[in-house]
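Okay, so here's the structure we're looking at.
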Amino acid sequence: MQQENNNLFLRVYDRLLAHYGPQEWWPGETDFEVMVGAVLTQNTNWINVEKAIANLKNGGQLSFSSLHRMDTDVLAEYIRPAGYYNIKARRLKNLLQMVVDEYEGELAFLFADSLDDSRKNLLQVKGVGPETADAILLYAARKPIFVVDTYTHRVFSRHGLVEEDTDYYSLQQEFLDSLPEEVSLFNEYHALIVAVAKEFCKKKKPRCNNCPLQRVEES
DNA sequence: TTCCGGACCG
DNA sequence: CGGTCCGGAA
């Protein structure tokens, strides 16, 4: 029986949740830590981000004031395990400077701002693109925005659920239009997509045989 | 040795 | 558009 598109997005979610269980993602100790992690994880496996964050923690430097004060070169050394450390150090500094300039240096003010305005300010930061901005908004600020990424595009386009040539905002809008506006759902769903993409929906040699999403578009 | 991945830059 | 920035996994 063919389902409405609306239900298919939820069907995919149900399949993934049944297979993987709740991911309870991004267990940063603070919102600040989650925000830092969102920048560090660009093009990078999370395991390396954890090493970088551990370095900062062990040095007692994982705070807004410490990182804002720190020389970019020094910060780069702390976050070296995350890869792209020079460019990410600059991006982190740019982000903190925006919070200083626009929100009196108070992260809570950024997060208390409206979704549209906080998103706009995040996107002004050189080094913060759509995915990083949305990850900060969803996972640190707990705002109802859906994070899409390369994995999301690959999984959904392969199943014919979205157009192959869709862009970030169109893809995101399809999720926002199809799902109830719940932060916890958006949080879990993105994490589940990452899980299935890394294990089954690989870029090369996808393992469709045992994939929990096989033929989901026909269900 | 190649592959993988966000965002910016030329 | 293609090139660049990086480290770890395949």
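The model shown is predicted, which means the values in this text are computed figures rather than measured ones. Letters go in sequence order (proteins before strands), and every chain restarts at 1.
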Exercise for the section: Would you kindly give the CD-to-P distance between E199(A) and dA9(C), to the nearest whole Å? Expected result: 17 Å
Exercise for the section: Can you tell me the distance, in whole Å, between the CZ atom of R90(A) and the P atom of dT4(C)? Expected result: 15 Å
Handout entry: For atom NZ of K203(A) and atom C1' of dG5(B), their distance in whole Å
Key = 8 Å
Practice task
Answer yes or no: does a side-chain N or O of N86(A) lie under 4.0 Å from OP1 or OP2 of dC6(C)?
Solution key: yes
Handout entry: Any T132(A) side-chain nitrogen or oxygen under 4.0 Å from OP1 or OP2 of dA7(B)
Key = yes
Problem - Between C1' of dG10(B) and NZ of K126(A), the distance in whole Å - result: 13 Å
Handout entry: Atom-to-atom span, OH of Y84(A) to P of dC9(B) - whole angstrom
Key = 15 Å
Fill in the blank from the handout: Picking from dA7(B), dC4(B), dC6(C), the nucleotide nearest the side-chain atoms of Y85(A) would be dC6(C)
Handout entry: Euclidean distance, atom CG of residue L75(A) to atom P of dC6(C) [Å, nearest integer]
Key = 13 Å
Practice task
Check whether any side-chain nitrogen or oxygen of T150(A) sits under 4.0 Å from OP1 or OP2 of dG6(B), and answer yes or no.
Solution key: yes
Exercise for the section: Check whether the ring centres of F9(A) and Y189(A) lie less than 6.0 Å apart, and answer yes or no. Expected result: no
Problem - Exercise: do K88(A) and T44(A) side chains pair donor with acceptor under 3.5 Å - result: yes
Fill in the blank from the handout: In whole angstroms, the gap separating P of dG5(B) from CH2 of W46(A) amounts to 18 Å
Problem - Nearest-angstrom distance from the residue atom CD of Q42(A) to P of dG8(C) - result: 18 Å
